Amino acid sequence: MFLNRRLMSPELLYYKALGKRTELNFEEKRNLYNIEKGFEGECLYDQVFDETGHDSVYVLRDLYLKTGKSVTQFDSIIISDERVAVNEIENYSGDYHFENNSWFRNGRQLKDNAHNQLSRAKGKIIQLRDESKMKFYVDGAVIFMGDDFRLTTESEHVWSETVMRNQLRNYFRKFRDERLGGSAKDIVHLVKSAIAENPYFEEAADLGRIKRGLYCGECESFELIKKRFQFKCSACGTVESNETHLLRTMSDHKYLFYKQPITKQSILRLIDNQISEDGVYRFLKKHCHSEGNGRKTTYTFKYYDWLETIAEIRENQRYKDKIQ
DNA sequence: ATGGTTGTCCCATCCCAGGA
DNA sequence: TCCTGGGATGGGACAACCAT
């Protein structure tokens, strides 16, 4: 059973939002590509797990866990009564080789590798277990999702903790005999009690660099024709309500300026005053939690991102979106 | 045609920052 | 410390106009 959703990371949402408002530089494009590819690998992993079935285990995905003073990322944790399996999911392509304790990609030695991350992650779970005096076995595997990925090594140890794309179904099927009882629930509680926020994300966009204003949700054009309650895209004809535009703006703002609070003024700046102050104020009240009073009022977006919300809201919006 | 939501305008009040 | 200006808040009234 999947116990939580897999969401796009703040980094991915940041680069996506940034890319709509400015031309990404080389490094940003590379980051976006890598993060997006990693996310696709994780989604494919979920899909295969769904197809194979996961009724006999609890699965927690995409977590940061705090043990002692360090925070570690986990792609997937599979929990049953007597066992916790940590999965490190990679979507590499190309030729990887392991020899003499070193990893090589296309002949070049790598500074870091997934199997090290896996043993760190396993170590953290073992630490949690020992501190809580619970009893369960911890193992794990690096899952390589790429079709175009080849691994060569003579290390039995590496192979024992490696699952290739074409072995994944078999790997998942081995969990079918696991049991879910009280102790599995206890382990889930233990893991959940260690959940921490993503500590690595510190990016903030440069307001001078990004294009301000509203853009079409379909074709991303900034050429919009203002109607009374909606905007019509002059490029593709899509109509979106002010509310939809503002939801997208709040979501963009959240990730573009992750550590900075939302204010009415900062939203007005980001949308270049294309929607009235009153309107912005109303929708901020509706879709954000507000904190503070007077000039100090700040808002935090109620939802993870706007896509999460818009699916529900679109049905009941007074002024409907019409996607071309 | 109708109902309901939003834009716009107005007004009173609250809050904060900066100056006297 | 107090005063004052300006932004933020929030309520009301009315018009506009989209969706049904």
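Just so it is clear, the values below take in all heavy atoms, side chains as well, and ignore hydrogens, waters and symmetry mates. Note that the structure is a prediction, hence the values are computed from the model and not measured.
Between Thr249(A) and Val280(A) there is no side-chain heavy-atom pair separated by less than 4.5 Å.
For dG10(C), the OP1/OP2 oxygens have a side-chain nitrogen or oxygen of Lys285(A) closer than 4.0 Å. Here Tyr281(A) does not reach the OP1 or OP2 of dT8(B): none of its side-chain N or O atoms lies under 4.0 Å away. Remark: Lys227(A) is not in phosphate contact with dG7(B), judged by side-chain N or O atoms under 4.0 Å from OP1 or OP2. When the side-chain nitrogen and oxygen atoms of Asn242(A) are compared with OP1 and OP2 of dG7(B), one or more of them lie within a distance under 4.0 Å.
Comparing dG7(B), dA8(C), dC17(C) by their nearest atom to the side chain of Ser276(A) picks out dG7(B). For Phe229(A), the listed nucleotide lying nearest its side chain is dA16(C); candidates were dA16(C), dC9(B), dT9(C). With dA8(C), dT9(C), dA19(C) as the choices, the nucleotide that has an atom nearest any side-chain atom of Gln265(A) turns out to be dA8(C). Among the nucleotides dC17(C), dG7(B), dT9(C), the one closest to the side chain of Tyr299(A) is dT9(C).
Between Phe172(A) and Tyr45(A), the distance separating the two ring centers is shorter than 6.0 angstrom.
Protein atom CD of Glu277(A) is 14 Å distant from nucleotide atom P of dG10(C), rounded to whole Å. Rounded to a whole Å, the OH atom of Tyr319(A) is 8 Å from the P atom of dC18(C). At whole-Å resolution of the value, CG in Leu246(A) and C1' in dT6(B) are 12 Å apart. We find that CD1 of Ile271(A) is positioned 14 Å from C1' of dG7(B), with the value rounded to whole Å. Separating the CG atom of Leu284(A) from the P atom of dT6(B) is a distance of 14 Å, rounded to the nearest angstrom. For Phe283(A) and dT9(C), the CZ to C1' distance is 17 Å, given to the nearest whole Å. We find that NZ of Lys226(A) is positioned 12 Å from P of dC17(C), with the value rounded to whole Å. dC16(B) atom P lies 16 Å from atom NZ of Lys264(A), rounded to whole Å.
No option in Leu7(A), Asn87(A), Asp46(A), Ile89(A) other than Asp46(A) meets the side-chain contact (heavy atoms from CB on, under 4.5 Å) test with Arg61(A).
A cation-pi geometry, defined here as NZ or CZ lying under 6.0 Å from the six-membered ring centre and within 45° of its normal, does not hold between Lys20(A) and Tyr215(A).
Taking only distance into account, the side chain of Arg282(A) meets the base of dG7(B) through a donor-acceptor pair shorter than 3.5 Å.
With a 6.0 Å radius and a threshold of 12 heavy atoms from other residues, nucleotides or ligands, Lys232(A) has its NZ atom at or below the threshold.
In terms of position on DNA chain C, the residue among Asp278(A) and Asp321(A) whose nearest nucleotide sits closer to the 5' end is Asp278(A).
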